[in-house]
Amino acid sequence: MSDKFREYKQLDLSQINKDVLKRWEEDDTFHKSISTREGNPTFVFYEGPPSANGMPGIHHVMARAIKDTFCRYKTMKGFRVHRKAGWDTHGLPVELSVEKSLGITKEDIGSKITVEEYNAACRREVMKYTKEWEELTRRMGYWVNMDDPYITYDNRYIESVWWLLKQLFDKGLLYKGYTIQPYSPAAGTGLSSHELNQPGCYREVKDTTAVAQFAVVRDEKSEFLYEGVDSPLYFLAWTTTPWTLPSNTALCVGPRITYVKVKSFNPYTGEPMTVILAKDLMSVHFNLNNADLSLDEYQPGDKKIPYQVLAEYTGEELAGVNYEQLINWVKPNGDAFRVITGDFVTTEDGTGIVHIAPTFGADDDRVAKQNGIAPLLVTDKEGKLQPLVDRKGRFYRLEDLDPAFVASNVNTDTYREFSGRYVKNEYDELLDASYSTVDVDIAVMLKKENKAFKVEKHEHSYPHCWRTDKPVLYYPLDSWFIRTTAVKDKLIALNNTINWKPQSTGTGRFGNWLENLVDWNLSRSRFWGTPLPIWRTEDGSQTKCFGSVEDLYAEIEKAVAAGVMSKNPYEGFVPGEYDKTNYEKIDLHRPYVDDIVLVADNGEKMFREPDLIDVWFDSGAMPYAQNHYPFENKERYQPAEGRGVFPADFIAEGVDQTRGWFFTLHAIATMIDESVAFRNIISNGLVLDKNGNKMSKRLGNAVDPFETIEQYGSDPLRWYMLTNSQPWDNLKFDVAGVDEVRRKFFGTLYNTYNFFALYANIDGFRFKEAEIPVSERPELDRWIISLLNSLIKEVGESLETYEPTRAGRAISEFVNENLSNWFVRLSRKRYWGGEYDTDKISAYQTLYTSLVTVAKLSAPLAPFYADLLYTDLNKLTGKEADQSVHLAEFPIADQSLIDKGLEQKMDIAQRASSMILGLRRKEKLKVRQPLAKIMVPVLNPRFREQFEAVENIILSEVNVKEVEYLTDTAGIIKKKIKPNFKTLGPKYGKIMKQIAASVSQFSQTDISELEKSGGYTLNIDDQTVALTTDDVEITTEDIPGWLVATEGEMTIALDIHVTEELKQEGIAREFINKIQNIRKESNFEVTDRVSLKIVKHDFYNEAVTHFRDYISSQTLAYDLILVDRLEDGLGTVVEIDQDIEACILVEKMG
RNA sequence: AGUCCCGUAGCUCAGCUGGUUAGAGCGCUACACUGAUAAUGUAGAGGUCCCCAGUUCAAAUCUGGGCGGGACUACCA
């Protein structure tokens, strides 16, 4: 082993990435970071499973950088961190990519290819990019346990999911209902939204539309509407599908929309009437030119129809009013014919009042359910509830309905005429386009009954079935649901206990989603996914749900015994044995489960409900299913406090998961355990390209994470992502930013380390000396140690509250501004030359401690370089017990070392120095030229005290000999006064402006009077204003006759007169500088000793002679001679002053 | 369409509970420094704090309404 700190020629973070990775793998550091925490409290992290059927992108680095940062931090805080990797393997994207690669469509499944072959293809497809994912995980330094990842298609995983479904089933939370889905009566099948988005599906068609009149029921709820009304009162609602009007059960208004009540006449019958519609749509339904016509002079049949606006109402006010059923064919069971409110209502077209037929519109269905409005259903011969239109697209034939239902609910007189008619003529092969449609006939009927306000043809776009070319209906189709609405309050209450980052996603996006919760539609009519473990008899009277393979197995055996099945397809499986091999003997996917026919208690056959479940249930089940709970690992769910794996302490994913994984985790945990699934959550924003556009492969603006890591290493990438903007804001990703981080932060940190290594190696510093008590160290050391402890505190608090951006920025500022730019710069002389004394040792110890602490603080964010820095430092000193920074303990701030007063003083020093350097540059006075003095006005003793404490630092930094403090008494200070708005504002309010004006008029005498007496009285608008010294800020801005700089409250003047003595010293320093440069250009070692020969010149002879010892000591010269001339070709010519050149020969000793 | 996020210098972002010269880094221009050197410092130019209204003595900050960008969820009379 080398006995020196490693010195680097250049910083190659990409290579460091590789070297450190190799070391981690050789040392098995990741597993050690867990095993060394054995027995400690756990910190549970849930990995949202990615789908490996796509390549990972740069945004995955973002989410994973966040995850990794907190898992590493918690490890350093001593927790045993659980983080099991997983794969999401089911779902539509997988199916689509299989269909693409096999060149088939959904229709071909079961004909061209068997379900079995198809699912086998899915199984292969889904793990296609596993290698790439693992490689990214490795190279970006994401530590997650990949030894035994959970895989959602695994039979054991599915079994846990089944178990969860069974719990819900037993609690009555799983039920069969319907959702409104696009349905093609011609094809007899539902269409997915994907199918509906095929090109050409939406076509412009001309349909008969109607504005119908819904008569208000006059009762106490509607009485307020009747003020000034002397004719029948109606709500107007428009529809493009009059065939849905018989199924109307509600009217929907926008709560904030303004509605008007208008007195007029029905254009078809001429009957007087009063109607309600949205104010914004008045002009569509009434000719504004007719506004002045007299209502009294109207005769039925007149072309011009007069009208009169009687009143205005908001939608909110109309809610709750009842109306009469428009078409009385069928009576609904339940609450109906009421005005409700919905946010989706607009005033773009129609009347601003939406006709609601819950059985034929998705919005309708949802808003009806939320308001407790019943759908209009009929009972068929089998006793099943059905919409008024059957699956062929016809109004139900009377003979197909349950006679008892017909007797009680159906008005056969009016319905008979329409019974059995297709709602779209296209569905009836026998009809041509000329035949009148149901829409027209209903419209005509309404006109006759004085219920139609307007009937007209209207062109709009309407979806069509891609296979039959015929129009699609929105139609209720069977679906299994989870009754999440039943636990809504619990979901909300538990959500309020979760720490969301940012909070707004939790209260806003997620909170609002919970407030408007509808039941979770679990069904998917697909092939590759977790099958519903539910078997039913054909009539639906008997249902069985299975929560384990064991139960299903037993039931199969029963069926075999009953002769329903010939043999058990899961033969060979041993119920109750949970090892992998046993579970590999079976397959719980389709088509295998579909072949299982069971026998009900009454002897009837039971068939599996053909649906799969929503893949989001798969991933939301991972807290349980990742460990095959409750079949295995049961004890880890009922552990001593803080030792289990549920719930998670922390999760992090993109904000797009709010209604996805975040919800399903939360919902399942709430329903199963009445617990949150996660306690803290970061939902990060998107990664956009540098122009703020979404990244996509198609546009070619996607950034390849592998290339970026290869070029820069993952540390700068991670650091950039975490610190450039808050993770929950969108990140405009620009590689130039990554490069900047590399240069600014890692470059500076690396330089600081290299500086340390260079001198520590020269002086043989190994941190073998006893640590010098901080109180005995020089002020500069105590200052950086104070800041360091403040930093530890801030970084610790930031990470504790899940604020990685704050943490990273604080570290970066400390390293750049304080450690490198101030501490090291001012300390350079202490390391360079001189004795190996206490001051020097203190300088080394302080810098060493700062660096090793920075390594620990940065380790969660920048795991590679931090570990290299840590090990490089520790290798020689052995000060740290752990072989990797990731095994080390996170630093704890020592409050007693934080000295705010000292931090303030140093802040004065920094500001003063930069002001003086600014003045020098204005006067073109090189820093090498010493100057005599600065003058500082002091207005209070405290400031003087602070300034004096750092006086020497300032003087040496700016190369000035002394400070002169100017007090008031000298009479040469000019003061400025400014009111303190913060104290005066609340006291005097309105006259504040006038106070400010008077104060700014103060003369020097006024100011000193105020200062002397501590108060001053003003009279403004007869009001007495008593100013105290706290109410004003007094500063100086000018010292007449001097070169002055002012910043905030500090003013400094610089004496720019250069005496002969100062001039000579300046020349000496100029020589030192030039000689050092020559040494460096000659590639001498820092420690080489030299001899110097300088060719005489009258300009500097005296200065060189006078400062010979000084020059020699600084340049390590044992000899300095002024010579008349040097041999030709020897020596270097440098410029010492304007037009003054010197020839210098620097020779290395023997 | 709804919900949520964002809008401050050419670019990326700070600016907490309102307080009077709105900051930093990058970039640009000029200059300086120099045994940390593919580093560093100083200065300069660069702002209708998206717009409008309100509250207030005082608004980048609080309220309301727009506009623009983005995400999710919906697809509708």
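Letters go in sequence order (proteins before strands), and every chain restarts at 1.
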Any idea which of [options] is nearest the [X] side chain?
X        : options             : value
A:Asn724 : B:U12, B:G19, B:A71 : B:U12
A:Glu740 : B:U12, B:G25, B:A71 : B:G25
A:Phe981 : B:U20, B:U12, B:A71 : B:U20

Under 4.0 angstrom, heavy atoms only, what part of the nucleic acid is A:Asn1073 near: base, sugar-phosphate, or nothing?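 Touches sugar-phosphate only.
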To the nearest 0.5 Å, tell me how far A:Leu245 CG sits from A:Asp439 CG.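 Between A:Leu245 CG and A:Asp439 CG, I get 8.5 Å after rounding to 0.5 Å.
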Once rounded to the nearest 0.5 Å, what's the spacing between atom CG of A:Asn495 and atom CZ of A:Phe663?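 That separation rounds to 11.0 Å.
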Say we look at [N] and [M]: how far apart would their [atom1] atoms be, to the nearest angstrom?
N     : M     : atom1 : value
B:C28 : B:G64 : P     : 43 Å
B:G54 : B:C6  : P     : 26 Å
B:U55 : B:G65 : C1'   : 15 Å
B:A43 : B:C16 : P     : 25 Å
B:A30 : B:A36 : P     : 27 Å
B:G15 : B:A32 : P     : 38 Å

Using atom [atom1] of [X] as one end and atom [atom2] of [N] as the other, report the distance to the nearest whole Å.
X         : N     : atom1 : atom2 : value
A:Phe733  : B:C13 : CZ    : P     : 13 Å
A:Met62   : B:A71 : CE    : P     : 16 Å
A:Phe823  : B:G41 : CZ    : P     : 18 Å
A:Asn684  : B:C72 : CG    : P     : 13 Å
A:Trp661  : B:A71 : CH2   : P     : 23 Å
A:Arg809  : B:G15 : CZ    : C1'   : 11 Å
A:Leu1054 : B:A43 : CG    : P     : 14 Å
A:Gln726  : B:C16 : CD    : P     : 12 Å

Tell me whether the rings of A:Tyr844 and A:Phe756 are parallel (<30°), tilted (30 to 60°) or perpendicular (>60°).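 Rings of A:Tyr844 and A:Phe756: perpendicular, as their planes differ by over 60°.
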Geometric class of the A:Phe745/A:Trp719 ring pair [parallel <30°, tilted 30-60°, perpendicular >60°]: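 A:Trp719 and A:Phe745: parallel rings.
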Report yes if the side chains of A:Asp365 and A:Thr359 come closer than 4.5 Å at any heavy-atom pair, otherwise no.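 Heavy-atom side-chain distance check fails, nothing below 4.5 Å.
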Any A:Met62 side-chain heavy atom under 4.5 Å of A:Leu731 side chain: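 Answer yes - side chains close enough.
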Who is the Watson-Crick or G-U wobble partner of [N], with both distances under 3.5 Å?
N     : result
B:C26 : B:G10
B:G19 : B:C57
B:A1  : B:U73
B:G41 : B:C31

Checking ring pair (Phe, Tyr, Trp, His ring centres under 6.0 Å) between A:Phe662 and each of A:Trp616, A:Phe510, A:Trp500, A:Trp513, which is the one that passes?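 The option that passes is A:Trp500.
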Check the side chains of A:Thr351 and A:His285 for a donor-acceptor pair under 3.5 angstrom, ignoring hydrogens and angles.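 No - no donor-acceptor pair under 3.5 Å links their side chains.
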Could you list, one pair per line, each protein nitrogen or oxygen that sits under 3.5 Å from a nitrogen or oxygen of nucleotides 36-40 of chain B, together with the distance?
residue : atom : partner  : partner atom : Å
B:A36   : N7   : A:Arg828 : NH1          : 3.1
B:A36   : N6   : A:Ser820 : O            : 2.6
B:A36   : N1   : A:Ser820 : OG           : 2.7
B:A39   : O2'  : A:Asn751 : ND2          : 3.1

So does A:Glu7 have more than 12 non-hydrogen atoms from other groups sitting under 6.0 Å from CD?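 Yes, enclosed.
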Taking N or O atoms only and anything under 3.5 Å, show me the protein contacts with nucleotides 2-7 of chain B, one pair per line.
residue : atom : partner  : partner atom : Å
B:U3    : O3'  : A:Asn512 : ND2          : 2.9
B:U3    : O2'  : A:Asn512 : ND2          : 3.2
B:C4    : O2   : A:Arg509 : NH2          : 3.1

Could you walk me through whether A:Glu1070 and A:Lys1074 pass salt bridge (charged side-chain N to carboxylate O under 4.0 Å, His left out), step by step? CA-CA 6 Å; A:Glu1070 200 64 45; A:Lys1074 299 303 181 213; 3.4 Å; yes
A:Leu869 and its side chain to side chain contact (heavy atoms under 4.5 Å, CB included) partner, picked from A:Phe746, A:Tyr753, A:Tyr750: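 Answer to the side chain to side chain contact (heavy atoms under 4.5 Å, CB included) test with A:Leu869 among A:Phe746, A:Tyr753, A:Tyr750: A:Tyr753.
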When the nearest nucleotide of RNA chain B is assigned to A:Ile353 and to A:Arg1069 on a heavy-atom basis, which residue is associated with the more 5' position?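 On the 5' side of the pair lies A:Arg1069.
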